[in-house]
S.K.: 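Quick one: this structure, given as structure tokens, is what I'll be asking you about.
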Amino acid sequence: MVVILKPEVKYGEANEIRRNIMERYSEISDIKIVPGEEVVTLQIMGGAERSIDPLDIEGIEGVDRYIPVLEPYRLASRKYHPSNTIVKVGNLEIGNEFVVMAGPCSVDDTIEENAKHLVDAGVKIIRGGAVKPRGSPYSWQGMGEPGYEKLAKAGQLVNLPVISEITDKTMVEMVSNYVDIFQVGARHMENVPLLLELAKTDKPVLLKNKDSATAEQWLLHAEYLLAGKGNKNGEYEGGNPNVILCHRGDVSFDRPEFRNTFDVAKITYAKQNSHLPVCGDPSHGTGKRCRVVPLGLSAIAAGADSLLVEAHYDPSIAKTDGAQTIDMKELSYLVRKGEEIYNSIHGPI
Ligand code: PEP
Ligand code: MN
């Protein structure tokens with residue numbers, strides 16, 4: 001990494017800035033002062049780059065800019081882990097076969113009936129939210145623990161694994177009793193205490209992007225799950241390797257027609273820059289039932305390994321997110337066509 005000094009800082013004055021930076025980071029082995037035509041630069045040696053926050057260095061008098069050289073994430077990066085990671089859930093291998101996770105937005109009394117329809121539609125994992133972080137405190141917030149219990153029972157009934165959202169670090173043990181995959185929702189992508197608690201387990205975690213996060217921030221928060229709590233010597237406490245990245249759309253400037261902007265380019269970014277399996281959520285990604293199937297298929301064409309879809313045998317009675325909930329006919333079509341596209345991309349050429 002390189003620090004560019006302001007033009008008025010002369011070569012002889014750079015030593016003070018060098019000393020200031022050396023004292024902050026024990027990992028720095030040396031800093032070379034490089035004279036230049038117009039400005040002096042500092043070249044930092046040693047493994048400190050990922051612990052440096054550019055704003056800390058740019059706060060030092062005489063520093064103009066800090067330029068990092070590496071991506072801020074390492075464990076999530078394909079550069080250091082070229083082969084695809086496969087996340088095992090029961091007999092399923094996410095990252096190695098096409099997997100549709102589907103079910104109602106929220107768990108209610110229809111979940112068992114839904115489970116029977118979902119299995120017939122070819123779904124391999126059942127979804128359903130028991131805690132529903134909503135836009136308004138006056139909206140229904142989900143069933144809580146009885147909802148997780150109902151979802152787990154529905155999964156057992158049809159012999160399929162289940163996925164459900166978790167919103168707080170204090171819930172990990174309880175939720176772990178009921179789900180096969182923890183879902184971390186868009187609102188909680190940056191809930192670092194939750195990520196660090198999930199990093200202590202080895203149960204798969206599906207990490208959605210926050211609607212206003214950059215692709216890099218999304219992967220950097222997956223890094224929290226993979227690394228656990230890092231310390232200054234670059235050692236980690238814990239770390240959960242079973243992470244699935246889920247794109248659920250970005251903030252839209254064109255509401256209410258588009259609840260979010262489903263950006264398939266982010267799916268290609270996640271596949272190319274990371275080795276983790278990638279999931280697309282065209283339901284939250286679009287907000288409208290009529291767009292779920294086409295955008296779901298586009299996600300697979302872009303390289304997604306799996307889909308997370310809101311579906312109900314009767315979307316009219318879905319308790320939440322009905323407008324983006326597809327019925328079983330549409331879901332069966334999505335599973336079948338999705339499988340075809342997936343196989344044509346991942347099969348032999
Ligand atoms: C959900 O999956 O029901 C959900 C709340 O999604 P998101 O976190 O993407 O808004
Ligand atoms: Mn929903």
Side-chain angles (χ1 to χ4, degrees), residues 99-108 110-111 114 118 123 125-137 139-144 147-148 150-151 162-168 171 175 179-191 194-195 198 204-213 215 217-218 221-222 225 243-252 255-256 258-264 266-267 270 278-289 291-292 295-296 299 304 306-312 315-327 331:
V99 173
V100 175
M101 314 180 204
C105 173
S106 47
V107 176
D108 60 22
T110 63
I111 192 68
N114 260 310
L118 291 162
V123 164
I125 299 175
I126 297 188
R127 68 147 285 153
V131 286
K132 295 305 310 171
R134 308 292 297 281
S136 162
S139 304
W140 185 63
Q141 308 284 314
M143 293 183 84
Y148 291 112
K150 268 184 188 296
L151 178 69
V162 300
I163 175 168
S164 196
E165 181 166 358
I166 177 166
T167 53
D168 192 82
M171 295 163 67
V175 177
V179 306
D180 300 282
I181 307 178
F182 293 112
Q183 174 178 325
V184 175
R187 291 167 185 76
H188 289 275
M189 184 200 89
E190 291 181 328
N191 183 340
L194 171 63
L195 300 179
L198 293 171
V205 179
L206 177 137
L207 179 68
K208 292 197 176 194
N209 64 293
K210 177 182 162 184
D211 65 359
S212 56
Q217 286 166 341
W218 180 32
H221 285 80
L225 291 164
V243 177
I244 303 161
L245 293 166
C246 178
H247 177 67
R248 49 78 74 205
D250 292 330
V251 76
S252 163
R255 282 187 172 198
F258 301 95
R259 181 183 182 182
N260 290 294
T261 301
F262 191 68
D263 185 354
V264 285
K266 294 275 169 65
I267 290 176
V278 176
C279 177
D281 172 352
S283 308
H284 295 87
T286 61
K288 280 205 175 170
R289 190 181 293 158
R291 301 202 173 93
V292 171
L295 272 294
S306 59
L307 295 178
L308 182 69
V309 180
E310 289 186 340
H312 198 292
S316 297
I317 60 167
K319 216 164 159 59
T320 54
D321 279 351
Q324 64 188 35
T325 299
I326 58 174
D327 64 21
L331 182 64

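In what follows, residues are counted from 1 in the order of the sequence shown. First listed ligand is number 1; within each ligand, the first listed atom is number 1.
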S.K.: Which one of Q324, R248, E310, H188 has a non-hydrogen atom at the shortest distance from atom 10 (O) of ligand 1?
M.R.: R248
S.K.: Enumerate the atoms of ligand 1 whose separation from the nearest heavy atom of G185 is less than 4.0 angstrom.
M.R.: 8 (O)
S.K.: For atom 4 (C) of ligand 1, find the nearest protein heavy atom and state the residue, atom name and distance (0.1 Å precision).
M.R.: H284 NE2, 3.3 Å
S.K.: Give the residue and atom name of whichever protein heavy atom lies nearest to atom 6 (O) of ligand 1, and the separation in Å to one decimal.
M.R.: K208 NZ, 2.9 Å
S.K.: Just jot down the side-chain contact (heavy atoms from CB on, under 4.5 Å) partners of A222, sequence neighbours excluded, or say none.
M.R.: L207, V243, L245, L276
S.K.: Going by the rule side-chain hydrogen bond (donor to acceptor under 3.5 Å, both in side chains), which residues pair with S252 if we only count those two or more places apart in sequence or in a different chain?
M.R.: none
S.K.: Output the list of atoms in ligand 1 that are nearer than 4.0 Å to some heavy atom of R127, sorted by atom number.
M.R.: 1 (C), 2 (O), 3 (O)
S.K.: With sequence neighbours left out, write down each residue that passes salt bridge (charged side-chain N to carboxylate O under 4.0 Å, His left out) with E165, or none if nothing qualifies.
M.R.: none
S.K.: Got a second to check how far I181's CD1 is from I244's CD1, nearest 0.5 Å?
M.R.: 4.5 Å
S.K.: Mind checking how many protein N/O/S atoms fall short of 2.8 Å from the Mn ion (ligand 2)?
M.R.: 4
S.K.: Does the side chain of D321 pick up a donor-acceptor pair with the side chain of T325 at under 3.5 Å?
M.R.: no
S.K.: Ignoring hydrogens and angles, state whether a donor on the side chain of D211 or H284 is under 3.5 Å from an acceptor on the partner side chain.
M.R.: no
S.K.: What is the closest protein heavy atom to atom 5 (C) of ligand 1, and at what distance does it sit?
M.R.: E165 OE1, 3.7 Å
S.K.: Only one of Q183, H247, R248 clears side chain to side chain contact (heavy atoms under 4.5 Å, CB included) with L308; which?
M.R.: Q183
